[in-house]
Amino acid sequence: MEKLAEIRQDLFDISARIKSIDENYKIYFNRGTRRYELHDSTRVPSYQATFPYARLDKRALDFARRSAVKNSKRILEEIDAHNDAIEKNMQDKLLKKALSQCL
């Protein structure tokens with residue numbers, strides 16, 4: 001944790017707005033990776049995600065909303081649906097290839 005600096009205030013109040021999504025959320029700046037991280041103070045380990053942006057701005061707020069723990073069921077359903085679509089597409093391609101070789 002020595003590389004982590006908690007962000008309690010920032011120019012656009014992003015850290016406070018993220019805390020309004022979940023009161024247990026905390027934002028840290030990781031000095032080692034030079035990235036912002038989202039942590040949940042009720043979990044051990046507390047790490048949740050690294051923000052894919054170099055600055056704390058509206059994109060970070062949107063990212064926190066989308067990836068909120070309370071949305072985990074919906075997120076897993078989306079991942080499963082996406083994986084199913086990929087698998088079906090691969091099966092269709094394989095079937096077409098097999099049929100074209102038989103003809």
Side-chain angles (χ1 to χ4, degrees):
M1 289 292 269
E2 66 276 350
K3 290 185 178 182
L4 299 180
E6 185 175 356
I7 306 299
R8 293 192 177 123
Q9 291 181 325
D10 56 272
L11 181 62
F12 300 111
D13 289 326
I14 299 298
S15 58
R17 293 162 69 187
I18 287 174
K19 201 157 188 61
S20 73
I21 296 168
D22 187 322
E23 64 186 21
N24 299 311
Y25 278 169
K26 291 186 177 190
I27 306 300
Y28 289 93
F29 182 75
N30 185 321
R31 293 183 191 107
T33 61
R34 311 224 14 102
R35 305 294 290 190
Y36 290 96
E37 297 179 356
L38 178 65
H39 288 253
D40 183 340
S41 62
T42 64
R43 298 179 184 266
V44 177
S46 65
Y47 174 82
Q48 296 295 303
T50 298
F51 289 103
Y53 315 109
R55 295 186 187 100
L56 283 181
D57 55 21
K58 184 179 180 318
R59 297 172 302 169
L61 181 60
D62 293 341
F63 178 85
R65 281 191 186 119
R66 282 191 314 273
S67 61
V69 172
K70 64 185 177 187
N71 295 330
S72 61
K73 183 178 178 183
R74 181 188 53 78
I75 292 169
L76 290 174
E77 288 171 353
E78 287 176 6
I79 290 170
D80 286 341
H82 180 74
N83 288 343
D84 289 345
I86 290 172
E87 186 175 344
K88 183 178 180 334
N89 188 20
M90 288 174 52
Q91 289 174 348
D92 290 347
K93 285 181 180 179
L94 186 60
L95 182 61
K96 285 180 184 178
K97 184 176 180 180
L99 288 175
S100 69
Q101 290 177 353
C102 291
L103 299 177

Spell out, as yes or no, whether a donor-acceptor pair under 3.5 Å connects the side chain of K3 to the backbone of R31. no
Residue list, salt bridge (charged side-chain N to carboxylate O under 4.0 Å, His left out) with K58, at least two apart or on another chain: D62
Considering all heavy atoms, the nearest Y28-L4 contact: CD2-CB, 3.8 Å
If you look at every heavy atom in A54 and Y36, which pair is closest and at what distance? O-CE1, 3.4 Å
R8 meets the salt bridge (charged side-chain N to carboxylate O under 4.0 Å, His left out) criterion, sequence neighbours left out, with E6
Would you please say whether a donor-acceptor pair under 3.5 Å links the side chains of E37 and N30? yes
With heavy-atom distances below 4.5 Å as the criterion, would you say the side chains of L38 and I18 are in contact? yes
CZ of R66 to CD1 of I21: how many Å apart, nearest 0.5 Å? 10.5 Å
Provide the closest heavy-atom pair for N24 versus D40 in the form atom of the first, atom of the second, distance. CB-OD1, 3.2 Å
Is the closest side-chain heavy-atom distance between L11 and L56 below 4.5 Å? no
How far does NZ of K26 sit from OG1 of T42, to the nearest 0.5 angstrom? 10.5 Å
side-chain hydrogen bond (donor to acceptor under 3.5 Å, both in side chains) partners of Y53, counting only residues at least two apart: none
Identify the two heavy atoms, one from R35 and one from F51, that lie closest to each other, and give their separation to 0.1 Å. NH2-O, 3.1 Å
Tell me whether I7 is reachable from F12 by hopping between hydrophobic residues (I, L, V, M, F, W, Y) whose side-chain heavy atoms are closer than 4.5 Å. yes
Who passes side-chain contact (heavy atoms from CB on, under 4.5 Å) against R55, sequence neighbours left out? D57
Less than 3.5 Å apart, which donor and acceptor atoms pair up between the side chains of residues 92-99 and the rest of the protein, not counting sequence neighbours?
| residue | atom | partner | partner atom | Å |
| --- | --- | --- | --- | --- |
| D92 | OD2 | K88 | NZ | 3.1 |

Salt bridge (Lys or Arg N to Asp or Glu O under 4.0 Å) contacts touching residues 78-87 (sequence neighbours left out): R74-E78
